[in-house]
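Working notes, structure below.
Side-chain atoms are counted along with the backbone in the values below, which use heavy atoms only and exclude waters and symmetry mates. Positions are given from 1, in the same order as the sequence printed here. Owing to the predicted nature of the structure, the values given are computational and were not obtained by experimental measurement. Ligands are counted one by one from 1 in listed order, and the atoms in each one are counted from 1 as well.
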Amino acid sequence: MTTTISTAPLGGPTLPQERRLVTSIPGPRSQELLARKAAAVAAGVGHTAPVHAVAAGGGVVVDADGNSLIDLGSGIAVTTVGNAHPKVVEAVQAQVAQFTHTCFMVSPYESYVAVAEALNRVTPGDHAKKSALFNSGAEAVENAVKIARKFTGKPAVVAFDHGYHGRTNLTMALTAKSMPYKSGFGPFAAEVYRAPLSYPFRDGLTGAEAAKKAISVIEKQVGAENLAAVIIEPIQGEGGFIVPADGFLPALVEWCRANGVVFIADEIQTGFARTGRMFASELFGIVPDLITTAKGIAGGLPLAAVTGRAEIMDASHAGGLGGTYGGNPVACAAALASIEVFETEGLAGRALEIETLLKARLSELQAGDARIGDIRGHGGMIAAEFVDPETNEPDAALTAAIAKACIAEGVIVLTCGTYGNVIRFLPPLSITDELLAEGLDVVAAALAAS
Ligand SMILES: *Cc1c(COP(=O)(O)O)cnc(C)c1O
């Protein structure tokens with residue numbers, strides 16, 4: 001078996017920041033690797049771009065054929081600090097040479113504690129907080145629910161329409177969309193209920209009206225006396241970058257407080273400067289009881305966390321939380337380096353600059369093309385929703401065609417949305433203005449041609 005790693009350029013910000021196509025996409029080397037993938041990897045594990053990466057950094061991903069693609073997806077909002085960020089690379093290399101694992105539950109180490117301290121400090125609210133670390137977003141969500149149930153002594157959990165919380169059994173139950181996340185994978189975990197979301201573009205409700213509707217469903221179909229937790233993404237990720245109307249989230253938080261229900265903000269996609277704030281909860285003026293984080297936390301290394309009110313986090317008996325790898329020291333080193341980058345390199349401010357560029361260009365496109373029904377989002381988390389201009393019906397076929405055309409032209413874009421009709425822009429915050437503008441030129445051309 002050969003790999004291309006030895007011949008690949010080093011990643012990080014010193015990679016040439018350019019879109020460069022030297023073959024058609026996919027090129028011959030990627031095609032070869034895709035054939036091996038098809039033969040060796042389970043068919044259920046899909047891919048968006050038909051290339052194989054060998055290096056990435058700044059705002060580009062370089063493939064096995066030497067093509068350099070503009071990255072508008074950050075590996076799904078993960079490489080927010082930039083791929084192979086030098087500070088992350090340095091911290092990882094130092095840690096990996098020291099020790100790779102002891103299991104924090106066997107012999108603890110400082111970096112885990114330091115990550116917990118940092119999370120307790122940077123998450124919203126100045127109350128006493130504690131954290132626990134895990135491997136993936138889904139695992140963090142599972143543990144947030146465990147903690148809320150243990151604290152309240154109640155079983156039920158409410159999630160929302162269009163919500164996405166992961167692919168494990170409990171998190172599939174919490175996730176709204178059947179295809180591709182749930183279909184055929186049941187039966188799902190019990191005591192999960194679904195409430196309507198605020199979706200201003202489609203429901204026309206104010207935040208207060210949408211909250212009233214949701215709370216009525218919760219009270220009538222579940223009852224606060226049975227409800228451990230409400231879990232919601234402050235801005236929905238996979239569900240379509242849906243920004244709830246003002247007042248919706250504060251009303252839910254207030255209802256939870258008044259009714260002994262734990263409010264969990266799933267900030268796995270929105271967290272860590274992505275929305276122009278360290279956490280999206282800040283945009284809405286809410287302070288969650290528990291917050292789940294992952295994706296952007298560690299510059300690409302697998303790490304996740306639950307952070308929240310100390311009295312809730314401490315509800316579990318000793319030994320009740322953990323896992324073999326949770327808070328792996330290499331991932332913790334990467335997280336500490338990333339959090340330092342977020343704070344010292346002004347990445348939240350950079351996300352706001354990216355928002356301005358994205359929204360200006362998309363609005364210009366929308367003015368000339370009624371198929372862009374809505375543009376929304378915050379910071380480096382912006383989406384365009386594509387519709388039939390006559391009926392406002394979702395246009396998933398158009399959306400897929402645009403995304404496919406962009407990738408063929410060397411721009412990685414991701415789609416999302418319950419109806420598959422949303423293109424989401426999640427560039428690494430290390431992307432240059434020039435590359436972002438060029439990426440949007442390609443999107444504009446793809447739209448015009450579709
Ligand atoms: C990605 C995501 C998850 C799941 O995270 P994994 O690391 O893929 O398990 C959960 N919630 C939200 C909001 C996400 O975006």
Side-chain angles (χ1 to χ4, degrees), residues 44-48 73-80 123 132-146 148 157-177 180-182 185 188-189 192 194 197 229-244 249 263-275 279-281 283-284 286 288 290-307 323 325-328 331 334-335 338 377-383 414-418 422 424-426:
V45 185
H47 57 262
T48 301
S74 301
I76 320 187
V78 169
T79 54
T80 307
T123 47
L133 305 185
F134 304 97
N135 301 293
S136 68
E139 205 189 344
V141 170
E142 293 253 356
N143 278 280
V145 170
K146 275 169 69 172
V157 184
V158 162
F160 286 79
D161 285 336
H162 313 285
Y164 179 84
H165 300 288
R167 295 174 180 271
T168 57
N169 188 263
L170 174 59
T171 60
M172 277 193 293
L174 294 167
T175 291
K177 191 174 174 177
Y181 306 123
K182 304 168 73 165
F185 298 139
F188 304 111
V192 171
R194 196 163 307 286
L197 183 77
V230 161
I231 182 165
I232 189 165
E233 301 153 85
I235 298 173
Q236 287 189 319
E238 305 304 304
F241 283 22
I242 302 166
V243 183
L249 291 171
F263 181 91
I264 306 170
D266 181 348
E267 292 237 23
I268 288 166
Q269 192 153 160
T270 51
F272 297 103
R274 178 50 62 187
T275 64
F279 292 95
S281 291
L283 291 166
F284 305 99
I286 59 167
L290 299 182
I291 175 165
T292 53
T293 53
K295 293 197 165 91
I297 191 172
L301 274 86
L303 188 71
V306 182
T307 300
Y325 293 114
N328 169 273
S338 299
H378 287 274
M381 185 173 183
I382 305 293
L414 306 175
T415 60
C416 65
T418 296
V422 176
R424 52 174 154 174
F425 298 96
L426 283 168

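- Close contacts of ligand 1 with K295, meaning ligand atoms under 4.0 Å from a residue heavy atom, involve 1 (C), 2 (C), 3 (C), 14 (C), 15 (O).
- Among H165, E233, E139, the residue whose heavy atom lies closest to atom 13 (C) of ligand 1 is E233.
- Formation of a donor-acceptor pair under 3.5 Å by the T418 side chain with backbone atoms of H162 is not found in this model.
- What sits closest to atom 11 (N) of ligand 1 on the protein, heavy atoms only, is D266 OD2, 2.7 Å.
- Residues F279 and F272 place their aromatic rings such that the two centres sit under 6.0 Å apart.
- For atom 9 (O) of ligand 1, the closest non-hydrogen atom on the protein side is A138 N, 2.8 Å.
- Inspection of the E267 and S281 side chains reveals an N or O donor paired with an N or O acceptor under 3.5 Å.
- Within the listing of ligand 1, atoms 7 (O), 9 (O) sit less than 4.0 angstrom from a heavy atom of S136.
- Near Y164, meaning under 4.0 Å from one of its heavy atoms, ligand 1 places the atoms 1 (C), 2 (C), 3 (C), 11 (N), 12 (C), 13 (C), 14 (C).
- Side-chain atoms of R274 never come within 3.5 Å of backbone atoms of H378 as a donor-acceptor pair (strictly under, hydrogens ignored).
- Note that CG of D161 is 8.5 Å distant from CD of Q236, once rounded to the nearest 0.5 Å.
- Rounding to the nearest 0.5 Å places CZ of F188 at 11.0 Å from OG1 of T168.
- Annotation: atom 6 (P) of ligand 1 to nearest protein heavy atom, G137 N, 3.4 Å.
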